[in-house]
Amino acid sequence: MLRVSQSCYASLPSLGMRHTRSLFCLPQSCARPSSISWRCGAFINAGGIRHIAASNHVNTIAGVGSFTALRGSADEGLLMLTIPVRASDGASTEKPLVLGRGTLVEHEGVTWACIFQVSNYWFATPLDKDAQAARWFGNHGEPGGEAGVTTYDAVVGCLTRATPTQAERAQLQEGILTGVAAVDVLAPIGRGQSMLLCGPRESGKSALACEIIEQVLTLDLFDKVVRFCTDPCAPLIDSSLQRPNVLAELWVTPCSKGGASPSAACLLGSFFDAIAVAEASRESDKHSLIVLDTLAPIISAWELAVHWAQQMEDGKPLDSDLLSSQRRVFFSNIFERAASLKNGGSLTMFAVVETDALAAIKMDAIASNDHGPEHQVEKPFTLDEFVGRKASDLERLQKLADRGVALTPKTLAAIGIRPPECVGSAESNLTLRHSVEMRELQSISDGQVVFDGAMAAAGAFPAVVPGATFSRFGLGSTENTQNVKLVKRDVRPAALQAVAAHLRGDLALEGDKQFLPPSEMAGEAAAADAAQSARMDAVRAALLQQRRTSLQAEEIVALLLAACSGAFDTLPPDKAKMLLRGGQQSPFLQYLYSSTPQVLKKLREEERISVATARELDVAVRLFVELQKTSANS
């Protein structure tokens, strides 16, 4: 029997943990055939000094506690720790150890930092330089310098620093113009907010992130720009835009000691190191932007920890409510660092996620009328098989069924609802957990840009799905609050705000038109419907641009007004799209700059578009279309 220190007993109620007077060393578990190498042993009391003990024990850097390392290695990127419990050997006068974020322990000669909790276990990440190859570029003024590695102090300080409270946060008062029309129209972001860039592999997520970095560097919108990247093939930032001590890029790759493929979880130390640099700028009353080119470290670490915890419980399901709460605490501790402080600076965050889960918001991704054998359509469930589920889940399922969406395992995984127990395979459960994790990230962040792999493969940039892309830009307005100074709900330029106000809804409705019941529309109704579809196609084309062709607000306004005007209806659809597509290099914008530049100047200077300016733009649009017709007929 393994007995543990009395001094840790008092810390358990505050952690919400159950306690016993003894722990077993699990000799039966060790004797069973298993692919898991469980590490069990006698307890250790560690004081306020650093020392190393046997490989199956854990030493604390400070405090007194008794721990056992159940499983973990630097290659796996996690160390699984037991929770200290009370022994019956009398009270101790020494300082008890309480595990929490940032607690340092030593195990097998490696220093680990506790990151998060799953069920009754804490998980730590290695801070050893051999666990990863990390190099800062352009970060001369920060700890570690030009070629520094992850520093203990920076990571621990980041982990133990509380996220800003609601009372410390300022109201949204300033927008960030990214220069990417699809983002500024469909998912605008304000200073101090967070945004997800979601999509499958090679769909243009990192390329868009680089576009945004280059735009904010060009306009000098931030005092510090931090980029965390793990892909050696990721797009590079234009070197001509780099300024001393502004852009800091942390390039990091996992290193394996034993030849096995290392887990992304071992990069958690560097992940928080990058966040620490951005936070330091925010706490110095400056404005910082951090671009996390991947969230794989936190997602991989969480999934691996849940897997280990379930195996430790002999495969029994973990408490779903506790697991949901712990997952939200872990993820929100990262995204809630994005904030604009009343008495300080700001931190704005973009995070890239490789996933197909959020694309399911676009309903045609999970509803298909093609039931050919090549598609291997799974047998759908009936609503009766979900009796006893939460009322909210039943309501969502009913709405899907009413729209003709088959309740297949793929559909359920996409919307984050567990299928009936009798069909829960390991693969479907893993897919469901991933979908739930993505929904959690979606609920915590301030918005998302969803990418389509097929569009990207066809050469579209940015390959954004309008119906699934949105943001909470401007939420929290004081417009209807008494005795509070009025704060504008949308702080984009007024002209862009007015033009973009209803476009996202119109584009989303156009994407879902296949769900409309068959109709016998004819005459004017059919013509109006076709004209609306043609104009939405033109708007989608206007949202496409080439790389490094960033747009100003007045240019986006001119493109969108032209696309919605109906003037391009008389041209062949492909011709109309070609004239509007391309950002600053689009033929239409090139025409405006060469023939009527005063229109763009007025759009930029006027707080609200005047009738005279709108008429002048309309004349320029229609003249441009007529010139295209003449050119085609000559």
CG of Leu543 to CZ of Arg581: how many Å apart, nearest 0.5 Å? 11.5 Å

Between Asp537 and Arg540 (salt bridge meaning N to carboxylate O under 4.0 Å), is one present in this structure? yes

Nearest heavy atoms of Val449 and Ala187, plus distance in Å: CG2-CB, 4.1 Å

Is a side-chain N or O of Thr178 found less than 3.5 angstrom from the main chain of Val180, in a donor-acceptor match? yes

If you define the side chain from C-beta out and look only at heavy atoms, does anything of Leu341 sit under 4.5 Å from Glu283? yes

Give the minimum heavy-atom separation between Pro200 and Glu354, together with the two atoms involved. C-CG, 4.2 Å

Please say whether more than 12 non-hydrogen atoms of neighbouring residues, nucleotides or ligands are located less than 6.0 Å from CG in Asp220. yes

Are side-chain heavy atoms of Pro164 and Arg282 found at a separation under 4.5 Å? yes

Exercise: do Thr596 and Glu616 side chains pair donor with acceptor under 3.5 Å: no

Intermediate values then yes/no, side-chain contact (heavy atoms from CB on, under 4.5 Å), Ser550 and Thr218: CA-CA 10 Å; Ser550 60; Thr218 300; over 6 Å; no

Counting only heavy atoms not in Gln590, do more than 12 sit closer than 6.0 Å to its CD atom? yes

Does some side-chain heavy atom of Gln215 sit less than 4.5 Å from a side-chain heavy atom of Leu221? no

Could you label the plane-to-plane angle of the Phe568 and Phe588 rings as parallel, tilted or perpendicular, counting under 30° as parallel and over 60° as perpendicular? perpendicular

Indicate yes or no: at least one non-hydrogen side-chain atom of Asp184 is less than 4.5 angstrom from one of Ile176. no

Could you tell me whether Arg535 and Asp506 have a side-chain N and a carboxylate O separated by less than 4.0 Å? no

Say whether, by atom type as modelled, one donor and one acceptor occur between the side chain of Glu211 and the main chain of Arg548 under 3.5 angstrom. yes

To the nearest 0.5 Å, atom CD of Glu279 lies from atom CZ of Arg337 at 4.5 Å

Any heavy-atom pair between the side chains of Leu250 and Val226 that's under 4.5 Å? no

From CA spacing to verdict: side-chain contact (heavy atoms from CB on, under 4.5 Å), Phe271, Val252: CA-CA 9 Å; Phe271 184 85; Val252 55; over 6 Å; no

To check you understand the geometry: which heavy-atom pair defines the closest contact between Ala278 and Ile290, and what is its length? CB-CB, 4.0 Å

What distance separates Leu196 CG from Leu295 CG, expressed to the nearest 0.5 Å? 7.0 Å

Tell me the closest heavy-atom pair linking Ala567 and Val625, and the distance in Å. O-CG1, 3.6 Å

Which atom pair, heavy atoms only, marks the closest approach of Leu571 to Lys629? CD2-CG, 3.7 Å

Under 3.5 Å, side chain of Glu214 to main-chain N/O of Ile237, donor-acceptor pair present? no

Applying side-chain contact (heavy atoms from CB on, under 4.5 Å), run through Glu249 and Cys229 and close with a yes or a no. CA-CA 7 Å; Glu249 299 184 81; Cys229 190; over 6 Å; no

Are Thr549 and Gln585 close enough that a side-chain donor and a side-chain acceptor fall under 3.5 Å? no

Report yes if some heavy atom in the side chain of Pro188 is under 4.5 Å from a heavy atom in the side chain of Gln497; otherwise report no. no

Asp223 side chain to His287 backbone, donor-acceptor under 3.5 Å: yes

In Å and rounded to the nearest 0.5 Å, what is the CG to OG distance from Leu241 to Ser239? 8.0 Å

Does Gln448 use its side chain to pair, donor to acceptor, with the backbone of Ala468 at less than 3.5 Å? yes

Which heavy atom of Ala463 sits nearest to which heavy atom of Ser203, and what is that distance? CB-O, 4.0 Å

Does the side chain of Phe228 come within less than 4.5 Å of Asp273's, by heavy atoms? no

Could you state the interatomic distance from CG (Leu347) to OG (Ser281), rounded to the nearest 0.5 Å? 8.0 Å

Has Lys342 got more than 12 heavy atoms of other residues, nucleotides or ligands less than 6.0 Å from its NZ? yes

Main-chain N/O of Pro297 paired to Ser300 side chain as donor or acceptor, under 3.5 Å: no

Taking Ser631 for the side chain and Gln628 for the main chain, is one N or O donor matched with an acceptor at less than 3.5 Å? no

Indicate yes or no: at least one non-hydrogen side-chain atom of Asp446 is less than 4.5 angstrom from one of Ile189. no

Would you tell me whether Asp293 and Ser206 have side-chain atoms, one donor and one acceptor, within less than 3.5 Å of each other? yes

For the OG atom of Ser445 and the CD atom of Glu440, what is their distance to the nearest 0.5 Å? 10.5 Å

Got more than 12 heavy atoms from elsewhere within 6.0 Å of CD, Glu605? yes

Test item: Ser346 side-chain N/O and Ala339 main-chain N/O as donor-acceptor pair under 3.5 Å: no

Cation-pi check, Arg191 to Phe222: give yes when NZ or CZ is under 6.0 Å from the six-membered ring centre and within 45° of the ring axis, no otherwise. yes

Name the one of Ile299, Val353, Thr355 that satisfies side-chain contact (heavy atoms from CB on, under 4.5 Å) with Glu437? Ile299

Run the side-chain contact (heavy atoms from CB on, under 4.5 Å) test on Gln552 and Leu177 for me, step by step, so that the C-alpha distance in whole Å, both residues' side-chain angles and the decisive distance to 0.1 Å come before the verdict. CA-CA 8 Å; Gln552 300 303 312; Leu177 190 68; 4.2 Å; yes

